[in-house]
Structures are given as structure tokens and as C-alpha cells.
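To find a chain, count down the sequence lines: A is the first, B the second, and so on, and within it residues start at 1. Values below: every heavy atom of this structure, side chains too, minus hydrogens, waters and symmetry copies.
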There are 2 protein chains.
Amino acid sequence: MRIVAALGGNALLQRGEPPEAGIQEAHVVAAVRALAPLAAGHDLVITHGNGPQVGMLALESAHDPAISKPYPFDVLGAQTQGMIGYWLVQALHNALPGRPVTCLISRTLVSPDDPAFADPSKFVGPVYGEEQARALAASGHWVIRRDGARWRRVVPSPEPAGLPDLPAIRVLLATGAIVVCAGGGGVPVVIRDGVARGVEAVVDKDLTASLLARELGADALLLLTDVTAVQDGYGTPQARPIRRATAAELRQREFPAGSMGPKVEAVCRFVEATGKLAAIGRLADAQALLAGQAGTLITGPAMSGRAAGPGARRIPGE
Amino acid sequence: MRIVAALGGNALLQRGEPPEAGIQEAHVVAAVRALAPLAAGHDLVITHGNGPQVGMLALESAHDPAISKPYPFDVLGAQTQGMIGYWLVQALHNALPGRPVTCLISRTLVSPDDPAFADPSKFVGPVYGEEQARALAASGHWVIRRDGARWRRVVPSPEPAGLPDLPAIRVLLATGAIVVCAGGGGVPVVIRDGVARGVEAVVDKDLTASLLARELGADALLLLTDVTAVQDGYGTPQARPIRRATAAELRQREFPAGSMGPKVEAVCRFVEATGKLAAIGRLADAQALLAGQAGTLITGPAMSGRAAGPGARRIPGE
């Protein structure tokens with residue numbers, strides 16, 4: 001079985017924690033305890049978010065004009081791939097002695113005509129008050145938008161359209177290696193006149209994981225986060241966990257744009273294209289998710305009749 | 001033929017230039033113009049220094065305690081591998097369409113008993129005046145040493161003793177891929193009680209390149225820098241470029257500890273162990289170096305009688 005597992009950036013740094021190296025490395029070690037059982041007898045590809053990490057490096061890079069001008073997000077994303085990839089490789093190497101593990105720097109192709117470039121929407125970095133936000137917007141370097149009662153920087157989040165570094169991933173998987181790749185959604189690049197160039201953007205990591213899973217012919221896509229399951233009626237008193245659903249059923253519901261929305265879109269694309277299994281749930285439940293015993297299991301139309309029954313089954317009160 | 005080429009960190013950022021992303025990426029594109037011809041018909045492994053880059057990230061990471069505590073050098077080194085590796089992969093991909101290119105995050109094993117840990121000697125980051133240096137030393141986090149008339153931070157620079165990520169490099173080379181790896185000398189790790197952990201150190205990138213070349217059975221090791229050739233009597237009025245020498249002949253001479261010394265040690269180890277060819281010279285001369293038409297060519301005892309004559313040949317006045 002070939003598994004693509006996507007780890008949320010918040011699994012590496014929880015809300016309110018200082019972004020210290022030691023804290024994050026300890027979280028990676030804990031994450032690997034949950035991930036390692038997935039590797040037994042299976043091909044395993046691990047991808048990860050980088051929201052808190054790229055936000056920290058962006059701030060640091062913009063902190064002191066005497067050191068340097070702020071770095072663009074393609075370069076910052078590559079820095080986080082190196083850092084988080086190193087932690088993951090080391091922790092996997094320690095947890096699974098003898099199993100080869102490799103992290104490769106990987107890019108994600110996006111279209112230069114993606115409408116996201118004209119409408120930046122992905123929040124990055126800290127929140128600001130109105131006055132500070134106006135000053136930052138006036139500087140001309142950043143686009144600032146309202147995020148609830150405060151303001152934040154936004155960058156374009158174009159669709160992942162291709163994975164130029166896929167051949168190496170395939171080669172390494174064929175040797176039995178666990179592959180860490182496409183961190184932070186991949187380093188975003190466009191091709192113009194035959195030349196690849198980085199762009200100032202952040203690709204959604206779950207949409208990239210979905211593309212990766214499709215391109216690699218994966219049997220399962222696991223989106224590992226900090227919620228027990230996808231909620232029907234999220235934020236309302238009627239909220240209930242969805243235990244099983246087809247992609248078609250999920251598409252009939254609404255999910256928050258900034259968080260669960262892209263995850264639901266990612267699993268729907270995967271199961272619609274492949275008829276294989278996808279699941280969303282807690283990192284700690286990774287093995288149970290794969291067994292359909294925790295989280296939300298999403299199946300394609302081809303599989304739903306067999307494995308998940310004709311309709312979505314929700315277990316009330318769970 | 002299998003070639004290991006090591007690119008100086010200064011090739012990516014020249015002395016006095018601000019460490020901006022765009023400036024460095026342009027240097028990488030220029031470096032790749034010199035490197036690309038080496039790839040034709042050959043296995044090619046590229047490694048690179050990271051002195052200016054890791055220095056910048058270390059400063060940024062220490063800049064604002066409100067964001068985070070300073071990051072250790074293993075983690076900062078991994079960040080630079082991601083960043084520089086991304087630039088190199090992209091530039092090589094653009095220069096050699098159709099040839100696979102991969103950068104993998106790679107670690108270098110060092111001994112926990114390496115005497116370097118008791119005697120930090122590698123200068124990193126900017127220079128300080130005496131007062132500032134005393135304050136930094138008193139903070140207890142950094143070791144500060146005199147560097148000429150000023151002061152700088154020093155970190156341990158242990159010997160490279162192993163390359164845990166070598167199997168993946170071999171696998172990728174076997175498929176014809178150009179492999180970028182071991183940047184900044186590799187992320188330094190020690191193994192204690194069977195567990196690998198990062199350490200606060202910087203491994204010399206030329207010594208790591210030499211180990212890499214030996215482990216990979218390379219036919220040539222090229223150390224690409226900004227000097228035309230190794231100088232005999234460097235810094236004296238009698239300074240002359242050395243065009244060819246055996247390792248034994250180089251070992252009879254003295255070279256500056258911080259710069260040419262480790263390069264000479266690196267090539268000597270390679271040619272002594274393998275009897276193959278090594279060269280030190282300008283990045284722009286990469287192809288001519290391989291052909292023995294520029295720089296300093298170093299040959300092992302086995303080869304020197306055949307290819308380089310019995311003694312060192314210096315071309316006076318060149």
C-alpha cells in the first residue's frame with residue numbers, strides 16, 4: 001500500500017508556543033511516533049505544513065533592513081523545507097533504524113495566470129492593529145487584509161498544477177525509502193518562456209498533498225491535523241463529527257474557507273480521481289484513520305457502495 | 001566519470017554585497033553556467049558552502065528575543081541547504097532541460113569526542129569591537145575569539161566522520177540525476193546510545209566534499225573558489241601559483257588555516273585514498289580544471305609519475 005500523509009504546520013508548533021527550535025523538534029519526535037507505524041509494510045510519503053515556521057522566518061527576514069531586504073516566499077519556503085525536513089528525517093531515522101529516509105527539496109508548479117495572483121487571500125504572519133496595518137500597506141511591499149477584528153498580511157495562494165521533482169520521489173520510493181517532500185505546499189514556481197522562476201506565493205499544502213497522492217498512484221491520503229474529525233455544522237450548536245462520507249456528500253456542505261475548506265477540497269479531488277481512500281483526523285490517530293476507526297473517512301463513488309454504505313454515516317454524540 | 005564539485009559559499013555572495021535573495025540567486029545562475037558543462041556525459045554531485053548565508057540566518061534568529069531564542073547551527077545549516085539547494089536545482093533544471101536534478105537534505109556524522117568541541121575555532125558571523133565582544137562572551141551563549149584586530153563568534157568545526165544520507169545519493173546518481181547535497185558541510189549530527197542528534201557546530205564543507213568523493217568512488221574532486229590556483233609562499237613577495245603537485249608535495253608546505261588549509265587537506269585526503277584527480281581553482285574555470293588546464297591539479301602518488309611527472313611543477317610568473 002502506498003500512503004501520502006500530510007502533517008499540519010500546527011502539529012510542529014502549537015498556538016501560543018514560542019517558535020523555538022527545541023520545542024518544534026520535540027513535536028516532530030512526537031509526530032513521528034504517530035507516523036512510524038504507517039511505514040510498516042507500506043510505501044510512505046510525508047509532507048508537512050509550514051505556516052508558523054515560514055511566518056517566523058518572514059518576520060525575521062523583514063526585521064532589520066541593515067541585514068537584508070525581506071526574502072520572498074519561495075526562498076523562505078525552501079528554508080522551511082530544509083529545517084522541517086531535517087527534523088523529520090532525523091526523527092524517522094531514529095524511530096525506524098535501517099529504513100532509508102530522505103527529504104528532498106521540492107517545487108510546485110503554478111500557473112502564472114492563476115487568479116490568486118490578482119487576489120491574495122492566504123493569511124501569513126502575525127496580526128496587526130489598524131494603524132500598523134495601514135502603515136504596512138502604505139509601504140507598498142505587502143498586501144494587508146482584515147482578519148476578524150484585526151489585520152494580517154496576505155499572499156496569493158495559487159492552485160498546485162504540477163510537481164517538477166516527482167521523478168526523484170518515485171525513484172526513492174521504489175528503493176523502499178520513506179520520502180519527505182513538498183513541505184509547505186512545495187516551493188511555488190512558474191514557467192515562463194521555458195524558464196522556471198520562484199514566485200511570491202504560498203500553495204495550500206493539503207491541495208499539494210492531494211496532487212502528490214494522485215500523481216504517485218497512492219492508495220490512501222491522510223490529512224493529519226489537531227481535530228478529531230470533520231464537523232457537520234461546524235461552529236453551531238448542532239455540530240457533529242462526520243465519520244464517513246463520499247466526496248459528493250462532502251461537496252454539498254460548507255466548510256470554513258481558511259481551515260477545513262481546503263482539506264475537504266483536497267480529499268474530494270483525491271477520491272474523485274482515484275476511488276481510493278482518504279481520511280482527515282488527529283495526527284495521534286494516524287494508524288486508526290488508515291483502518292477507518294477514527295476521524296472522517298472519505299471514499300470515492302466507486303468505493304462508497306462497498307466500504308462506506310450508500311450515504312454519509314454520522315455517529316451522533318461522538 | 002563521476003565528479004564531485006564543491007562551490008564556495010562566497011561564490012553565492014561576494015564580500016561586501018548585501019545578503020539579498022535576488023543577488024544570491026543571480027550568482028547561483030552564473031555559477032550554474034560554469035558547472036553545467038561538467039554534467040555532460042558525467043555523474044555530477046554538487047556541494048556548496050554556506051558561510052555568509054548561515055551567518056545571516058544566525059544573526060536574524062538572534063535578533064529579537066521576542067520572536068525566538070537563537071537557533072542552533074544544525075537547524076540553521078538545514079535551512080541554508082533548503083534555500084541554496086532550491087536555487088541550484090532550479091538553475092540546473094533551467095540550464096539542462098530534461099536532465100533530472102535533485103537536492104536532498106543531508107547530514108554529516110561527527111564524533112561526540114571530537115576535540116573541536118572543546119576548542120571552537122570556526123569563525124561565523126560579523127566582526128565585533130572589543131567592548132561588544134566582551135558583552136557577547138559574558139552572555140554565556142557564544143564563544144568569542146580575536147580575529148585579527150577585531151573579534152568574532154567561533155563554533156566547533158569537528159571532522160566529518162560519516163554520511164548517513166549516502167544511500168539516497170547513490171540511488172539518484174544511478175538514475176542519471178545531478179545531486180545537490182551536503183551543503184555547508186552537511187548538518188552536523190552525533191550518535192549517542194543509538195540516537196542521532198544535531199550538534200552546535202559547522203563542519204568544513206571541503207572536508208565533507210572530500211569524504212563524499214571518496215565514499216562515492218568519484219574520479220575527480222573539484223574545489224571551486226575565487227582564486228586562480230593554490231599559491232606557494234602565499235602572502236609573500238615570492239608567491240607563485242602551483243600548477244601541479246602530488247599530495248605529498250602539498251603536505252610539505254604551509255597554507256593559511258582558515259582558508260586554503262582545509263582545501264589542501266581535503267584534496268590530499270582524496271588523492272591519497274584514491275589515486276584519482278583533484279583540482280582547486282576558480283569556479284569560472286571549472287571545465288578547464290577538469291582538463292588540467294587551469295588551477296592547481298593534485299594527483300596521488302600512484303598517478304603522479306604518470307600524469308604529473310615526478311615532482312611539483314610550478315610555472316613561474318603565471
Side-chain angles (χ1 to χ4, degrees), chain A residues 18-22 24-25 56-57 59-61 63-64 66-72 74-91 93-94 97 100-107 164-165 167-169 171-172 174-175 177 179-180 183 187 189 194-198, chain B residues 18-22 24-25 56-57 59-61 63-64 66-72 74-91 93-94 97 100-107 164-165 167-169 171-172 174-175 177 179-180 183 187 189 194-198:
Chain A
E20 291 175 11
Q24 294 182 76
E25 193 170 5
M56 178 196 72
L57 289 174
L59 272 186
E60 289 183 356
S61 131
H63 200 83
D64 186 354
I67 300 180
S68 168
K69 285 201 291 200
Y71 271 43
D74 59 328
V75 179
L76 296 168
Q79 290 177 359
T80 67
Q81 284 191 356
M83 172 172 77
I84 301 170
Y86 156 58
W87 285 329
L88 280 166
V89 165
Q90 182 117 300
H93 176 101
N94 285 332
V101 188
T102 299
C103 167
L104 46 88
I105 299 305
S106 37
R107 297 166 293 158
D165 302 294
I169 299 169
V171 162
L172 290 164
T175 68
V179 179
V180 177
V187 179
V189 302
V195 177
R197 288 192 64 90
Chain B
E20 290 175 11
Q24 294 182 74
E25 193 169 5
M56 178 197 73
L57 289 174
L59 271 186
E60 289 183 355
S61 131
H63 200 82
D64 186 354
I67 300 181
S68 168
K69 284 202 291 200
Y71 271 43
D74 58 328
V75 179
L76 296 167
Q79 290 177 0
T80 67
Q81 284 191 357
M83 173 173 77
I84 301 171
Y86 156 57
W87 285 328
L88 280 166
V89 164
Q90 183 118 299
H93 176 103
N94 286 332
V101 188
T102 299
C103 166
L104 46 88
I105 298 305
S106 37
R107 296 166 295 158
D165 302 294
I169 299 170
V171 162
L172 290 165
T175 67
V179 179
V180 178
V187 179
V189 301
V195 177
R197 288 193 63 91

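- Not counting sequence neighbours, the partners of B/Pro72 by the side-chain contact (heavy atoms from CB on, under 4.5 Å) test are A/Ala21, B/Asp74, B/Val75, B/Glu200.
- With values rounded to the nearest 0.5 angstrom, B/Asp165 atom CG is found 11.5 Å from A/Leu104 atom CG.
- The shortest side-chain heavy-atom distance between B/Gln90 and A/Val187 does not fall under the 4.5 Å cut-off.
- Within the 4.5 angstrom heavy-atom criterion, atoms from both the backbone and the side chain of B/Ala196 approach chain A.
- Contacts between A/Pro100 and chain B at a heavy-atom distance below 4.5 Å are absent for every atom of the residue.
- For the set A/Cys103, A/Gly183, A/Gly194, A/Ser61, the count of heavy-atom pairs under 4.5 angstrom toward chain B peaks at A/Cys103.
- When heavy atoms are compared at a cutoff of 4.5 Å, A/Val189 approaches chain B solely by way of its side chain, counted from C-beta outward.
- In terms of heavy-atom pairs under 4.5 Å with chain A, the best-connected choice from B/Arg197, B/Arg107, B/His93 is B/Arg107.
- Atoms CD and CD1, on B/Gln79 and A/Ile84 in that order, are 9.5 Å from each other to the nearest 0.5 Å.
- Contact detail for B/Tyr71 and A/Glu20: the closest heavy-atom pair is OH-C, 3.9 Å.
- Rounding to the nearest 0.5 Å places CD1 of B/Ile105 at 12.5 Å from CH2 of A/Trp87.
- If you measure heavy-atom distances from B/Pro167 to chain A, you find no contacts under 4.5 Å at all.
- If you tally non-hydrogen atom pairs under 4.5 Å between each of A/Gln24, A/Met56, A/Glu25, A/Gln81 and chain B, the highest count goes to A/Met56.
- When every heavy atom of B/Ala168 is checked against every heavy atom of A/Thr102, the shortest pair comes out as CB-OG1, 3.1 Å.
- With respect to chain B, the highest number of heavy-atom pairs below 4.5 Å among A/Gly198, A/Pro70, A/Ser106 belongs to A/Gly198.
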